[in-house]
Amino acid sequence: MSNPNQTVLLHRALYMQQAIKQAAETFADFASFAISRQGAHYAVAISDIDAEADGDVVAEFCNFALYNTMQRKRKKI
Amino acid sequence: MTAQETQTPTVERLDDAHSRVTLALEIGLYPIDVLYGAAYIFIDRAYVLLDKDEGVGRPGRYLVHLRGKNPMSHEQLLALCGEFGNELLSQALRRKVVKQNQKIIEEITTQAIAGAAGGTLPTDFLANQDDGLDFLDDPLGIAVPWEEKFKKKKDEPGAAP
Amino acid sequence: MSLPASVPLHKVKAEALVPFNHRRIGGRWLVSNDLGDHVFLTDAEFTTFVQAETRPGDPLHERLVAGNFLAGTVDVQTQAARWRKKKQYLFYGPTLHAFVLTHRCNHGCQYCHSSIVGMERTDTDMSIETAERAVDLAFQTTSPGVTIEFQGGEPLANWEVLQHVVEYARQKNALAGKALSFSLVTNLSLMDDDKLDYLLDRKVQLCTSLDGPADLHDKIRIYKNGSSHELVVGWMKKINDRYKAMGLDPNLYRVEALPTITRPALGRWRDVVDTYVSVGCRAVFLRKLDPFGFAARSAKTLGYSMDDFVQFYINAVEYILELNKQGTQVMERHAAIMLSKILADEEPNYLDLRTPGGACIGQIGYAPDGSIYSSDEGRFVAAMGDDMFKVGTVMDTYDRLMTNAQTRALVMAGLNDGQPDCVSCVYKPWCGQQVEYNYKTQGSLHGRMRDSVWCKKHKSIFDYLMAKLERADPEEMRIFERWTTHRVLDHFLQERSAL
């Protein structure tokens with residue numbers, strides 16, 4: 001990862017906060033995550049991204065956040 | 001399916017250099033779980049980010065950002081877009097079919113499982129009967145292998161702390 | 001498929017008709033219902049039918065009554081009993097239990113879908129403890145029949161455990177009294193006279209791979225110690241001779257062999273069929289290359305489009321029919337299964353063509369380490385690093401295996417009634433899908449039948465056969481009748497009190 005700090009915006013209508021937190025916990029060994037609200041989005045500030053990590057931590061984190069959201073919404077159906 | 005629901009998403013942006021593409025589809029064309037369902041199919045080979053553009057003076061849109069986990073050619077990106085559109089249609093249609101045939105599906109499934117289990121079904125079996133009917137048909141979670149692989153690498157002796 | 005232009009929608013009397021699907025075949029309409037009946041109608045007949053304008057005594061009316069297409073004339077009790085008979089598999093658990101005795105193999109087949117390792121890797125063998133636990137589970141099935149199929153790798157490499165499973169299962173069956181049978185899927189390279197004596201004595205059915213003539217077979221099925229083809233053909237002859245010497249009907253009892261069709265075979269349908277006939281086989285099962293394992297990795301060199309396969313298939317079956325007309329009795333297995341369903345109203349319980357599919361409730365795969373998979377294909381997916389279809393281990397209880405959320409999801413996903421396209425397909429009563437195939441090729445258990453090669457293959461073969469039935473050439477119909485005459489290979493059933 002060339003940029004050790006990034007912010008991703010996840011729309012609040014499409015991602016659940018608990019799901020994002022869960023993804024952040026999964027990736028806690030590889031980066032630090034701070035979640036805040038920013039208008040219609042959750043802003044996830046990702047810092048201290050492990051340069052040794054094998055893969056794109058931010059993009060994988062987003063996939064996990066989406067997947068966790070799907071799982072949680074599914075349980076509600 | 002309504003005529004609206006047969007519309008496919010439009011390609012908003014296509015970036016060959018980074019194997020990235022953004023698709024847009026009008027909010028309301030498909031139920032949200034159809035969008036999730038289609039997105040789910042792609043998360044093993046692409047990074048998927050969903051977003052919503054509320055739209056000022058025009059209908060709002062869902063934006064689907066896809067980036068190949070491996071480099072993709074222009075043609076492959078276009079094929080990915082087409083496949084996403086097909087998946088949306090397929091999921092929407094399947095949702096309707098399942099709803100229409102829900103009774104027979106439940107009855108056959110119950111009979112098949114009861115037959116295999118010798119008539120003893122767990123007490124919560126019927127309550128959970130619709131587990132297979134929605135967009136997530138993978139009770140294991142497709143995302144797990146990457147995580148395991150990732151952690152294993154970290155846990156290896158000599159791996160970076 | 002839309003209605004003919006001559007049928008005004010408002011005149012269709014849906015309430016008078018049993019729900020049906022239809023498709024244009026050879027200039028007429030093929031109409032089918034969920035009970036498994038079919039009829040061919042001209043445009044005019046079709047219009048009369050959907051407008052429910054037939055009258056008792058009309059030949060068309062009588063055909064429609066006989067085919068259970070007119071709602072008011074269906075004998076519900078009789079048809080319910082018929083449906084129940086054909087759906088018998090819904091009333092009991094898995095019959096087929098695939099034991100992967102080892103991952104070791106001495107062949108390097110370019111399309112192999114298993115995760116094979118070298119012959120020195122005895123650590124990949126199934127242990128006796130795991131095997132016993134697997135047999136215990138297999139016998140808990142609610143099915144009256146248990147077939148234990150030995151697979152690998154090359155299962156003969158773990159001979160000690162193979163023998164142990166046979167003895168242990170026979171012992172258990174003395175009490176269980178199931179219709180127990182064994183089959184061995186082997187490349188025959190580790191066969192010797194002692195092993196053969198034992199296998200024949202214990203009535204283990206033998207099945208091998210034969211891809212066609214020597215140059216084709218040996219090019220794909222690479223055996224470093226010599227010609228795999230020579231070895232296979234030699235043993236097939238020897239085993240068939242032994243069956244004959246045992247007094248078994250040579251028309252029925254032969255080594256079963258299966259070809260896998262690769263790209264080099266596409267133009268050689270005659271050679272493939274001739275090879276089977278020359279080694280005494282009465283059946284050829286023309287199997288498409290699958291999307292699992294090495295097959296997926298070698299697709300660039302061995303793969304082909306579904307259109308190519310279908311053309312190969314049609315060429316081969318036409319040739320097989322030609323041979324039959326000249327007096328050589330040989331059948332294509334896929335066609336025979338489909339025709340048995342359509343013409344003989346039978347359900348051969350072929351797991352790829354039933355609904356729901358066979359995952360878990362029709363078959364189970366036991367890996368050497370004790371993992372249990374939904375099917376053979378489920379463990380092929382696992383061999384590619386994805387445990388999606390692992391439903392448990394031999395330490396689980398049978399009840400848990402059959403009733404857990406995964407099994408339920410696999411069963412539901414394998415139902416035609418939940419599939420767009422399938423629900424409106426004229427071949428629905430005879431067709432099925434495989435969730436593992438859907439998952440591997442299209443990313444979800446449900447897949448998308450509209451662009452599924454699975455669907456394309458089966459629809460194409462059904463189309464081809466239905467065109468034959470529509471034409472109804474008397475000689476071909478006689479051949480089809482022979483192909484659909486089911487004869488039980490009861491020699492391979494273990495005696496209920498085998499000990």
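FYI, side chains are in, hydrogens and waters are out, and symmetry mates aren't considered; it's all heavy atoms of this structure. Reminder, nothing fancy here: chain letters follow the sequence lines and each chain counts from 1.
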Engineer: In Å and rounded to the nearest 0.5 Å, what is the CD to NE2 distance from B:Gln91 to C:His446?
Structural biologist: 8.0 Å
Engineer: Would you mind reporting whether B:Ile108 and C:Pro356 have side-chain heavy atoms less than 4.5 Å apart?
Structural biologist: yes
Engineer: Counting N and O atoms only, with roles assigned by atom type, does the side chain of C:Ser444 sit under 3.5 Å from a partner on the main chain of B:Ile41, one being a donor and the other an acceptor?
Structural biologist: no
Engineer: Looking at every heavy atom in both C:Thr403 and B:Ala117, which two are closest together, and how far apart are they?
Structural biologist: CG2-CB, 3.7 Å
Engineer: Rounded to the nearest 0.5 Å, what's the gap from CD1 on B:Ile113 to SG on C:Cys360? Could you check?
Structural biologist: 8.0 Å
Engineer: Main chain of B:Ala112, side chain of C:Tyr92: is a donor-acceptor contact present, judged purely on distance under 3.5 Å?
Structural biologist: no
Engineer: Are there over 12 heavy-atom neighbours, none belonging to B:Ile104, within less than 6.0 Å of that residue's CD1?
Structural biologist: no
Engineer: What part of C:Tyr398 gets closer than 4.5 Å to chain B, counting heavy atoms only: side chain, backbone, both or neither?
Structural biologist: side chain
Engineer: Could you tell me which residues satisfy side chain to side chain contact (heavy atoms under 4.5 Å, CB included) with B:Glu83, sequence neighbours excluded, listed by chain and number?
Structural biologist: B:Phe42, B:Arg45, C:Arg448
Engineer: Find the distance between CG (B:Asp44) and CG (C:Asp386) and round it off to the nearest 0.5 Å.
Structural biologist: 8.5 Å
Engineer: Got more than 12 heavy atoms from elsewhere within 6.0 Å of CD, C:Gln77?
Structural biologist: no
Engineer: With a 4.5 angstrom heavy-atom cut-off, which part of C:Gln442 approaches chain B: side chain, backbone, both or neither?
Structural biologist: backbone
Engineer: Looking at C:Val411, C:Thr407, C:Asp451, which one has more heavy-atom pairs under 4.5 Å with chain B than the rest?
Structural biologist: C:Val411
Engineer: Look at C:Asp417, C:Thr141, C:Ile361 and state which one has the largest set of heavy-atom pairs under 4.5 Å with chain B.
Structural biologist: C:Asp417
Engineer: Once you round to the nearest 0.5 Å, how far does CE of C:Met412 lie from CD1 of B:Ile105?
Structural biologist: 7.0 Å
